[in-house]
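Every chain is numbered from 1 and lettered A, B, ... according to where its sequence line falls, protein lines coming before strand lines.
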Number of protein chains: 2
Amino acid sequence: MSKRVGIREVAAAAGVSVTTVSHSLSGGGQLSDATRERVRSVAEGLNYTPNRLASGLRSKRSQIIGFISDEISTTPYAGRVLLGAQEAAAANDQVLMIVNTSRDDRLESRGIDALLQHSVDGIIYARMYHQAVKLPEALTGVPIVLLDAYSDRADLSSVVPDEEGAARTAVQHLVAAGHRRIGYLNNIDDIPATHGRLAGYKAVLAENGIAFDETLVTTTESTTGPGRDAAGQLLALVDRPTALFCFNDRMAMGAYQAAQLAGLSIPENLSIVSVDNFELLADALLPGLTSIALPHYEMGRWAVERLAAELAGDADSAPQQIRMPCPLVHRQSVGPPPR
Amino acid sequence: MSKRVGIREVAAAAGVSVTTVSHSLSGGGQLSDATRERVRSVAEGLNYTPNRLASGLRSKRSQIIGFISDEISTTPYAGRVLLGAQEAAAANDQVLMIVNTSRDDRLESRGIDALLQHSVDGIIYARMYHQAVKLPEALTGVPIVLLDAYSDRADLSSVVPDEEGAARTAVQHLVAAGHRRIGYLNNIDDIPATHGRLAGYKAVLAENGIAFDETLVTTTESTTGPGRDAAGQLLALVDRPTALFCFNDRMAMGAYQAAQLAGLSIPENLSIVSVDNFELLADALLPGLTSIALPHYEMGRWAVERLAAELAGDADSAPQQIRMPCPLVHRQSVGPPPR
DNA sequence: GTGAAAGCGCTAACAA
DNA sequence: TTGTTAGCGCTTTCAC
């Protein structure tokens with residue numbers, strides 16, 4: 001730390017004015033390439049780094065992106081979102097300032113105040129799973145991009161996973177393996193993932209001439225225990241499914257346990273595909289769990305890049321609300337149906 | 001956003017000078033309580049919020065804490081650390097600016113530059129698992145607290161988990177349940193957790209008059225597959241262990257699988273305790289996995305609080321290097337030994 | 001007790 | 001093509 005070198009030292013050392021230094025470094029003004037180059041090398045020689053507080057104060061651009069999320073922790077996915085956002089920010093010479101709200105309006109309000117006081121240039125408003133949000137009043141007029149969230153404000157860009165597409169990919173994979181009797185362990189929460197994935201499941205069945213059988217669809221909490229029970233129920237059917245599509249990896253883990261209890265081996269007697277591609281689980285299960293990956297990292301990157309584009313003003317005029325595709329990650333839990 | 005109200009508007013509205021407003025709000029100066037109170041209410045009425053860029057520029061205190069970590073993502077624990085750090089920062093009216101290095105020196109160096117340019121008041125230098133670090137030159141002179149890391153610099157405060165204590169608690173729990181033949185699935189990496197937990201394991205055996213038997217200790221990569229193999233090996237012993245202490249939950253999951261393959265049920269035929277308390281796994285396993293929790297959230301909090309104390313100058317003069325205790329979380333994987 | 005005024009380090013008009 | 005200068009919004013001497 002000690003005494004950082006400032007723009008005037010650079011100016012003096014280069015024998016020019018501070019203006020020239022500022023222009024040289026920021027690429028502004030009308031300078032000869034020679035001067036620009038010389039100033040730059042002097043600055044570098046002096047180990048000059050700008051004071052962003054000062055430049056932000058003057059120019060009204062702090063180069064700070066605020067990141068508000070309801071839960072930084074709890075889910076292991078959160079980290080990937082942050083990582084993507086952080087890397088994109090770094091690439092734009094921006095930095096991330098984070099705030100966690102724990103789904104508490106007061107904390108959220110304080111957090112927004114803190115970000116605004118620090119003059120963030122814009123805010124990524126993130127949720128840890130795909131859901132509808134209502135933006136707080138305090139954010140009015142601030143550049144915002146929604147992440148894993150959507151609102152009724154058509155003027156905001158947002159990014160969410162393509163839930164229906166995810167389910168389509170998963171179920172299509174099972175159909176391609178020869179399955180026609182496919183169960184679905186759905187979540188019970190009233191959220192886009194629940195409805196979107198069910199829609200995808202039904203669509204693929206229809207497209208393949210497979211009649212929808214509601215006895216093959218269960219609706220429970222999306223954790224391991226309920227998944228185990230739900231799968232057990234389906235596997236006890238006289239005409240049991242030969243494959244299971246699971247809402248998430250945790251439910252799939254329950255399905256593995258149910259299969260074991262029923263004496264069925266995977267994938268010989270039962271094929272399983274789920275959503276999340278949470279590696280700690282998917283890789284650890286025996287055999288490995290084939291799963292649809294949610295594009296957390298990509299959504300983080302996209303949100304920051306989009307925000308940067310909007311801030312730069314060179315963005316396509318219209319805000320974008322996009323759904324990200326969710327790729328299938330092959331492991332060993334899918335095989336042909338038993339004969 | 002629009003036109004934020006500044007300190008001069010408040011001054012005008014309250015009929016005082018900007019100095020008085022500044023003093024009133026920051027608690028400085030020699031003002032009458034009456035004035036202070038009046039100014040405060042006027043400021044609140046006007047919805048005044050200070051511009052931290054300006055105050056930071058002038059006062060040399062940005063109220064920003066930098067958070068550098070090698071991996072924001074990958075591990076699910078990272079989130080808890082960040083959460084603790086964030087909450088502690090918010091409580092101190094500070095905010096977190098995060099940077100990820102991906103264990104890349106160039107990225108780290110850029111990240112440090114970015115934080116310094118934004119005039120962070122101090123930095124939490126974090127690793128995602130307990131390890132030795134060498135601090136980059138660029139950080140010289142900057143207030144630092146190490147998190148899940150330690151260095152040879154005695155002038156820095158740091159916090160790490162008490163690895164030996166964690167193992168002691170785990171193994172003692174097994175001994176208390178009546179076990180005397182206890183296997184240990186250790187990690188192969190040359191890190192403090194590996195050595196510390198082995199030491200704790202040995203210490204408890206010794207204290208209970210149980211001879212150390214090296215055939216009961218395996219050393220492999222700390223993931224599920226290797227854990228499965230290692231456990232399988234121990235369970236195949238003629239005088240097999242009645243309990244297993246596992247380096248982490250992932251290895252414990254492997255041990256569950258090995259037990260199943262060996263036809264042993266948990267906890268009737270085999271008791272298991274591990275370290276991490278990664279709920280997604282520990283809760284999902286059948287039966288629930290008893291595990292030692294690593295104090296991620298607490299370390300995050302402690303690091304920020306300690307840094308704040310050092311910055312405030314009211315800290316105990318000497319830096320503190322502490323080991324945090326790791327509590328046992330009871331589930332259903334421990335029982336008495338089979339007779 | 002309170003206020004005037006000088007900057008913090010930089011950028012952006014405007015001059016030259 | 002380059003330099004002068006006036007602030008950005010606040011804190012902090014220092015004078016009253």
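- One interatomic measurement links the two molecules: CG of A/L57 to P of D/dT11, which rounds to 12 Å at whole-angstrom precision.
- In this structure, A/T35 does not reach the D/dT1 phosphate: none of its side-chain N or O atoms is under 4.0 Å from OP1 or OP2.
- Contact check, A/S22 against C/dT11: a side-chain N or O comes under 4.0 Å of OP1 or OP2.
- Rounded to an integer number of Å, the gap from B/R58 CZ to D/dC10 P is 13 Å.
- Atom CD1 of B/I7 and atom C1' of D/dT12 are 12 Å apart (whole Å).
- Between C/dG9 and B/K60, a contact under 4.0 Å exists linking OP1 or OP2 to a side-chain N or O.
- The CG-P distance, from B/L53 to C/dC8, rounds to 17 Å in whole Å.
- Looking at heavy-atom distances under 4.0 Å, B/T19 makes contact with a base.
- In terms of position along DNA chain C, the nucleotide closest to B/S17 lies nearer the 5' end than the nucleotide closest to the other residue of the pair A/G6 and B/S17.
- Remark: C1' of C/dG7 and CZ of A/R8 are 10 Å apart, rounded to the nearest angstrom.
- If you check the side chains of B/S157 and B/R306, you find a donor sitting under 3.5 Å from an acceptor.
- Distance check: B/R153 CZ to B/S158 OG gives 11.5 Å after rounding to the nearest 0.5 Å.
- Neither side chain, B/Y150 nor B/Q131, offers a donor N or O lying under 3.5 Å from an acceptor on the other.
- Summarising the geometry, the separation between CG on B/L116 and C1' on C/dG9 is reported as 16 Å, rounded to the nearest angstrom.
- With hydrogens and angles left out, the side-chain atoms of A/E108 and A/Y125 include a donor and acceptor closer than 3.5 Å.
- Screening B/V120, B/I98, B/L139, B/V142 for a side chain to side chain contact (heavy atoms under 4.5 Å, CB included) with B/L115, the sole residue that qualifies is B/V120.
- Judged by closest nucleotide on DNA chain D, A/S32 is the one of B/T49 and A/S32 placed further toward the 5' end.
- Distances shown here put every side-chain N or O of B/Y48 at or beyond 4.0 Å from the OP1 or OP2 atom of D/dG9.
- The distance from atom CG of A/D33 to atom C1' of D/dT1 is 12 Å, rounded to the nearest whole Å.
- Nearest-nucleotide assignment on DNA chain C puts the 5′-proximal partner with B/R38, out of B/R38 and A/V18.
- Not a single donor-acceptor pair, N or O on each side, falls under 3.5 Å between the base of C/dA12 and the side chain of A/S59.
- Atom CZ of A/R36 and atom C1' of D/dT1 are 11 Å apart (whole Å).
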